[in-house]
2 protein chains.
Amino acid sequence: MGIKERKEKHKEDLRQRILDAAKELFLKDGYDATSIRKIAEKIEFSPTTIYLYYKDKTDIMYALHQEGFKLLGTQFLVLQHVHEPFERLKAMGRVYMSFALSNPDFYELMFIMKEPIEFVKNHCHDEEWEEGEQAFTALINTVEHCKAAGYFVQFDTTTFALNIWSLMHGLCGLKLQGHLDHMASTKISLPDNVNLMEQTFDGFISMLEKLK
Amino acid sequence: MGIKERKEKHKEDLRQRILDAAKELFLKDGYDATSIRKIAEKIEFSPTTIYLYYKDKTDIMYALHQEGFKLLGTQFLVLQHVHEPFERLKAMGRVYMSFALSNPDFYELMFIMKEPIEFVKNHCHDEEWEEGEQAFTALINTVEHCKAAGYFVQFDTTTFALNIWSLMHGLCGLKLQGHLDHMASTKISLPDNVNLMEQTFDGFISMLEKLK
DNA sequence: AAATATAGTTAACAGTGTTAATATTAAAAA
DNA sequence: TTTTTAATATTAACACTGTTAACTATATTT
């Protein structure tokens, strides 16, 4: 059935074109400004056609959310070349921070907004979360390796990993939301032109070093 | 001019009634579902009347955001009675967590959403942020007292405080967004019925204890 | 060639924030 | 007291939003 296959391919193509248009709009104007009608206009189809390929807007956003995790995954690949576990942990933090700063909209969609994860809960009953879990598993493994190298030996691995993730996530969240810059501008005790995010991260690293 | 005063009072009254109605809707249905028209219906005025008392929707939400900080401030009051600095720091963390869990919508408005802080940037040029800064100052002071008691002596106070805030904020964010519960349900290595948030926080405390 | 399934469309519903023009009301001036 | 003026509130409208039902055109199968 060659014809059927070609049709399937065409259908999958259009599904991808919708996603690409959505991505472009999303990265340019953010979540709210990415309307179904604008996506439709970009791919030169009727707005309702999109509903033949995606259940609703959160479905599209969940697909983008997955793309975001794939992107983060590729950024994490360089970490494979950092063999010393604690060095790898530090590098992981920097990659995470850099990802959040370079892709703020993706970061929001992946870790801050409630819509995509609610879509998972409502429609993806067969639990195929993968991408996100992989990143956390990578963290768990690195913490485990750190423990083998004498770091954090007295702490539970999962708990410690969650602490690290919480701190990194909180730091990125405060930065993206503007709270960090606000503090930098109001707290006169701070020297000017200081990168509060870097400074906080460096402080965190020195805390971790003391926990060897 | 008794009449003028009465009019001013009436005007201030209506402004408050708008805010109360907005608050009720906001706490019941969240940000998006709190529409100008619904607020208007609740106070039995025309939707456009609201624009005579508030610039726009973000103005109303900023007012609620301030109320949230006042509420957090009152929750922090109990901390005055905890004299031992490290105990006070721990209690502060618990109060912060409890506030986030008990008032998730307020927490989102205060620390996660971008709208209110952008309203500050755009319209409140005279920097009257107060409520939020007070809470952070309280944290700074407690960290300073901890240092005087022999804790964290080798760390910069502001950097350390930002680390603590980042971790607490990240933990609350991951919890409210659903990521923490998701991890608890997928990571089978974890025992069932475990409170990941409490466990992570306890782990953090034991980390801090090691930094004495 | 007729019946059927697929793909895409138009029109509409029920909302949203927001603004301009208008009406109503109350205070101030004549 | 009547007229003018200022403040307050309203109606109507604009330009959007996500989403669905009903309809049409196309292509495949019987």
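Order of the sequence lines fixes the chain letters, A, B, ..., with proteins taken first and strands second; residue numbering starts at 1 for each chain.
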**OP:** Not counting sequence neighbours, list each pair that qualifies as a salt bridge (charged side-chain N to carboxylate O under 4.0 Å, His left out) and has a residue in residues 24-36 of chain B.
**Re:** B:E24-B:K42
Original post:
Just checking A:Y54: base, sugar-phosphate only, or nothing, at a heavy-atom cut-off of under 4.0 Å?
Top reply: nothing
**OP:** May I have all residue pairs that pass salt bridge (charged side-chain N to carboxylate O under 4.0 Å, His left out) and include part of residues 43-61 of chain A, sequence neighbours excluded?
**Re:** none
**OP:** Please determine if B:R15 forms a cation-pi arrangement with B:Y54, meaning its NZ or CZ atom is less than 6.0 Å from the six-membered ring centre and no more than 45° off the ring axis.
**Re:** yes
Original post:
How long is the span from the SG atom in B:C146 to the CD1 atom in B:I164, to the nearest 0.5 Å?
Top reply: 7.0 Å
**OP:** Give, for atom CE of B:M183 and atom OG1 of B:T200, the distance between the pair rounded to the nearest 0.5 Å.
**Re:** 11.5 Å
**OP:** Look at all strands and tell whether B:F45 reaches a base, only sugar-phosphate, or nothing, counting heavy atoms closer than 4.0 Å.
**Re:** sugar-phosphate
Original post:
Between C:dA7, C:dA20, D:dT8, which nucleotide has the shortest distance from any of its atoms to the side chain of B:T48?
Top reply: C:dA20
List the atom pairs, donor and acceptor, that lie under 3.5 Å between side-chain atoms in residues 68-75 of chain B and the rest of the protein, sequence neighbours left out.
| from | atom 1 | to | atom 2 | distance (Å) |
| --- | --- | --- | --- | --- |
| B:T74 | OG1 | B:L71 | O | 2.6 |

Subject >> Atom-to-atom span, OH of B:Y51 to P of C:dT18 - whole angstrom >> reply: 4 Å
Original post:
Once you build an axis from the first five pairs and another from the last five of the helix from C:dA1-D:dT30 to C:dA30-D:dT1, how far apart in angle are they, to 10 degrees?
Top reply: 30°
Subject >> Side chain of B:K57 (C-beta onward), nearest among C:dT18, D:dT19, D:dA9 >> reply: C:dT18
**OP:** For residues 101-117 of chain B, pull every pair meeting side-chain hydrogen bond (donor to acceptor under 3.5 Å, both in side chains), keeping only residues two or more places apart or in separate chains.
**Re:** A:E108-B:K114, A:K114-B:E108, B:Y96-B:Y107, B:Y107-B:H169
Original post:
A:L14 has an atom CG; how far is it from atom P of D:dT26, in whole Å?
Top reply: 18 Å
Original post:
Near DNA chain D, which residues from residues 27-40 of chain A have a heavy atom under 4.0 Å away?
Top reply: A:T34, A:S35, A:I36, A:R37, A:K38
